[in-house]
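Numbered from 1 within each chain, the chains take letters A, B, ... in sequence-line order.
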Amino acid sequence: MTGDKKVPKKKYPPEMNYSIVLKGMGRTSPIDVTFHLLMAILLITGLIIDLLGPWLGGWLSSIRSIAHGYVGALFVLVFIVYLIKVAYSKKMRTVLTVTNYVDFLFYIILTVTGITMASVNWPWINLVPELADALSSIAVYAPAVHVALTYVWIVFSTVFPGGILHGLASVYLISHLKKKYKNRRSRVR
Amino acid sequence: MEHAVLVDPAKCIGCRACQVACKRWNNNPGEETTFSNEWTNPPKLSYNTYTHIKFKLEHNETTGETKWRFFNWRCMQCEIPACAKACPVNAITKYEEGPVVIDQDRCIGCKFCVSECPFEVPQFDTVSGKVSKCHMCFDRVPSKEPACVQSCPTDALVFGTRDSIIQKAKERKEELDGYIYGDVDNKPLGGSSFIYVLDAEPSVYGLPIVGESLSPTVPVLNLSKWLLVPAAIGGLAYLVAWRKKRMNEKEE
């Protein structure tokens, strides 16, 4: 009744925005950042090869072999680790939606067809004859499935809030937030 | 004017002069080979081997007779080449004289042509990262016959205008009571510039039965990029709607 009881000042968590989330993701889940970064590289280089190929021709040779080929091989390894992490981490599964799981299906098919194309005429495939036989039976369909499925995935991820919209929204939000903070900082000064 | 080569395996003696001539004209190195259970050597086409002779030993159980079949094998130089249609960088060209040629400077080694060729002819080189195959000596024809044809001692390979070659093939078919592969009886991918006149069914020589038109995978490969149009429209509409929603929320 005296009214002199002191209420402790409530501590609120810091204001959350996309930049903080992205920075935090880099700190707490490097596999997530690597996975998304490699996927973005593969998508962009694949689109460059398919859309600009007739004009750029031989200039794309190193993009195809290094930025799409070797990065693709690295992506396969990272993707396997990522899937294992999803399978074993309940925390990760709680943030995944149905769209993410459909995306995984797309990535698995793209990975298999990618490996199939890479294995054609490579000597290492003969070390595993069973795998060579299995892959050679789908080699005819591999390029068409690989390319067409990429475009189907792009359509899918724009119709449903999947990868592409997720990326575009992130870019928009980050630029928007940066502008907002820049204005706020200039006002403070 | 389109030219063609008539391949007559019944006249082939398996001397491999065509293999050597091809290597010399294209300045390709020899292959390091190993013993195998057959005489075909090199056992398969490679980045440096554009043509080879397949050896096939046939044994007739009823008559007890043994017969050799020698068979020149390389790119068929198709009229509608699946490899060229599948190439994302337009590195493969079908010339009106007949040859189908890979431009090595444009090739990016994506191997789409390797997968799409129904004859499994184009070969990828792991060292250069490029694909190569027989080009029907495009740098010789039509003024000179291809190197393999020039070297053939038994006229198992004959070069000429397409019409004259088809005429010769028909005459030879009568003699052999055989089969024309590449035109007339079977026109893989619209016909080919290497036309075989066979004394047995194509399957005896291991030749695949290929349709006259391209397999559906090639148009899928070429047309799927148009899916970007609905994706772009959809994405744009989504972003506009999302922005509008946010602005409405701010106003409220």
Practice task
State whether the number of non-hydrogen atoms from other residues, nucleotides or ligands found under 6.0 Å of A:Tyr141 atom OH is greater than 12.
Solution key: no

Problem - A:Trp55, part contacting chain B, at a heavy-atom distance under 4.5 Å - result: backbone

Handout entry: Non-hydrogen side-chain atoms of B:Trp73 and B:Leu45 separated by less than 4.5 Å
Key = yes

Practice task
Give me the ring orientation class for A:Phe75 and A:Phe79: parallel if the planes are under 30° apart, tilted from 30 to 60°, perpendicular past 60°.
Solution key: parallel

Handout entry: Selection from A:Ser65, A:Ala144, A:Ala139 maximising heavy-atom pairs under 4.5 Å formed with chain B
Key = A:Ala144

Exercise for the section: Determine whether A:Lys90 and A:Arg93 make a side-chain contact, defined as any pair of heavy atoms from C-beta on separated by less than 4.5 Å. Expected result: yes

Exercise for the section: Would you verify whether the NZ or CZ of B:Lys111 falls within 45 degrees of the ring axis of B:Phe124 while also being under 6.0 Å from that six-membered ring's centre? Expected result: yes

Handout entry: Minimum side-chain heavy-atom gap B:Cys18-B:Ile53 below 4.5 Å
Key = yes

Exercise for the section: Examine whether an atom of B:Cys107 lies under 4.5 Å from a heavy atom of chain A, and if so say whether it belongs to the side chain, the backbone or both; otherwise answer neither. Expected result: backbone

Handout entry: Heavy-atom contact with chain B under 4.5 Å, split by part of A:Ala148
Key = both

Handout entry: Contact leader toward chain B among A:Leu56, A:Leu52, A:Val120, A:Val145, where contacts are heavy-atom pairs under 4.5 Å
Key = A:Val120

Problem - Toward chain A, the part of B:Gln123 with a non-hydrogen atom under 4.5 Å - result: both

Practice task
Look at A:Gly69, A:Ala118, A:Ser62 and state which one has the largest set of heavy-atom pairs under 4.5 Å with chain B.
Solution key: A:Ala118

